[in-house]
Asks: 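Below you will find the structure I want to go over with you.
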Amino acid sequence: MAGMLVIGTLTSAGAFRSGGDSSGGSGGSAGGPKYRITVPQTLAGGEYKLAKDISQQAASSVPHDGANAHDIETVGGQYSSGTKSLVMLGLYGTIDDPETAVDHTIRGMTRDGKTEVAVTDKEFTPSEGGDSLTCGVDVRTEMGQKVTLPFCVWADSSTSGNVAETDAAHLAKDPQSIDLQAFADKASKIRGEVRKPLG
């Protein structure tokens with residue numbers, strides 16, 4: 001159930017809807033798409049195993065073209081590790097303004113009326129180096145049950161990705177107790193596993 005809550009949070013309300021304004025930024029897409037997003041059988045060095053490929057469900061929630069993203073393909077997977085359920089959603093194509101894509105993704109996660117910001121998102125640099133990710137914690141209420149959802153989002157000129165996790169053993173874990181640096185490190189590793197060069 002917790003995994004389905006994560007999926008619902010990320011795919012509803014246009015969580016990956018990079019379009020929506022007409023600012024048409026020029027965030028470095030001149031070189032064209034450079035990466036694609038894949039759905040591996042395992043993530044985070046084998047810690048999580050693929051439970052369900054949700055690419056079709058995710059694709060139905062995201063337009064192929066918008067004001068800020070073009071020729072978009074969407075993929076996703078639900079993964080499990082013990083009591084933990086992790087959802088990875090990604091899109092690839094041409095993203096004119098990566099910062100806008102990240103902002104729209106995060107704002108989209110709380111548009112369903114059931115999800116609230118618990119820890120405001122901020123940028124984290126992975127401990128092992130690499131591009132920063134934007135991470136935070138939301139709390140979703142479903143049938144009276146509060147579910148704590150740490151998440152991380154990234155975007156570049158050809159990909160955008162989102163990773164969120166729940167733990168069935170600690171569904172309502174104190175959001176302030178989440179180690180977001182550790183989660184950002186994990187999400188960075190996942191980004192390296194799912195983002196593959198085109199060609």
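Values in this document were obtained by computation on a predicted structure and should not be read as measured data.
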Asks: If you compare all heavy atoms of A172 against all heavy atoms of T148, which two are closest, and at what distance to 0.1 Å?
Replies: C-OG1, 3.5 Å
Asks: Can a salt bridge be assigned to the pair K34 and D156 using a cut-off of 4.0 Å between side-chain N and carboxylate O?
Replies: no
Asks: Please test T74 against L89 for side chain to side chain contact (heavy atoms under 4.5 Å, CB included), starting from the C-alpha separation and ending with a verdict.
Replies: CA-CA 7 Å; T74 309; L89 291 177; 5.6 Å; no
Asks: Of all the heavy-atom pairs spanning I95 and L91, show the shortest one and how long it is.
Replies: CD1-CD1, 3.6 Å
Asks: Could you give me the CA-CA distance, side-chain angles and deciding distance for V147 and Q145, then say whether side chain to side chain contact (heavy atoms under 4.5 Å, CB included) is met?
Replies: CA-CA 6 Å; V147 180; Q145 171 69 59; 4.1 Å; yes
Asks: Is there a donor-acceptor contact under 3.5 Å from the side chain of T159 to the main chain of G93?
Replies: no
Asks: Can you check whether D131 reaches R191 side chain to side chain, under 4.5 Å on heavy atoms?
Replies: yes
Asks: Kindly indicate whether the side chain of P40, heavy atoms from C-beta on, has any atom under 4.5 Å from the side chain of V194.
Replies: yes
Asks: Quick one: are I178 and V119 in side-chain contact, heavy atoms under 4.5 Å?
Replies: no
Asks: Which heavy-atom pair separates P126 from L133 by the least distance, and what is that distance?
Replies: CG-CD1, 3.7 Å
Asks: Mind running side chain to side chain contact (heavy atoms under 4.5 Å, CB included) on D185 and E128 for me, showing each step along the way?
Replies: CA-CA 8 Å; D185 291 346; E128 296 184 359; over 6 Å; no
Asks: Taking the side chain as C-beta and beyond, is there a heavy-atom pair between T38 and V75 under 4.5 Å?
Replies: no
Asks: Just verifying a value: how many Å separate E116 CD and L149 CG, rounded to the nearest 0.5 Å?
Replies: 12.0 Å
Asks: Any donor-acceptor pair under 3.5 Å linking the side-chain atoms of T94 with those of D71?
Replies: no
Asks: Atom OG of S85 and atom OH of Y79: how far apart are they, to the nearest 0.5 Å?
Replies: 11.5 Å
Asks: Using only atom types and a distance under 3.5 Å, with no angle test, would you say the side chain of T105 pairs donor to acceptor with the backbone of A101?
Replies: yes
Asks: How close do S81 and E47 get, heavy atom to heavy atom, and via which atoms?
Replies: OG-O, 3.0 Å
Asks: Using 0.5 Å steps for rounding, measure from the CG atom of D121 to the CG atom of L180.
Replies: 10.0 Å
Asks: To the closest 0.5 Å, what do you measure between OG1 (T115) and CD (E142)?
Replies: 8.5 Å
Asks: What distance do K49 atom NZ and T42 atom OG1 have between them, rounded to the nearest 0.5 Å?
Replies: 7.0 Å
Asks: Please check: side-chain N/O of S55 versus main-chain N/O of G76, any donor-acceptor pairing under 3.5 Å?
Replies: yes
Asks: Would L86 and L43 satisfy side chain to side chain contact (heavy atoms under 4.5 Å, CB included), going step by step from the backbone distance to the final call?
Replies: CA-CA 9 Å; L86 180 141; L43 288 180; 3.9 Å; yes
Asks: To the nearest 0.5 Å, what is the distance between NZ on K173 and CG on L171?
Replies: 12.0 Å
Asks: Taking all atoms of both residues into account, what is the closest heavy-atom pair of C152 and A184, and its distance?
Replies: SG-CA, 3.7 Å
Asks: Counting distance only, does the side-chain N/O of S158 pair as donor-acceptor with the main-chain N or O of Y35 below 3.5 Å?
Replies: yes
Asks: Picking from K84, M88, Q41, Q78, what satisfies side-chain contact (heavy atoms from CB on, under 4.5 Å) with Y48?
Replies: K84
Asks: If only side-chain N and O atoms count, and only distance matters, is there a donor-acceptor pair under 3.5 Å linking S177 with D174?
Replies: no
Asks: Taking atom CD of Q181 as the centre, does the number of heavy atoms from other residues, nucleotides or ligands within less than 6.0 Å exceed 12?
Replies: yes
Asks: Within the 4.5 Å heavy-atom criterion, are K186 and V163 side-chain neighbours or not?
Replies: no
Asks: Side chains of H70 and D96: closer than 4.5 Å at any heavy-atom pair?
Replies: yes
Asks: Linking I/L/V/M/F/W/Y whenever their side-chain heavy atoms sit closer than 4.5 Å, directly or via other members, would I37 and L50 fall into one cluster?
Replies: yes
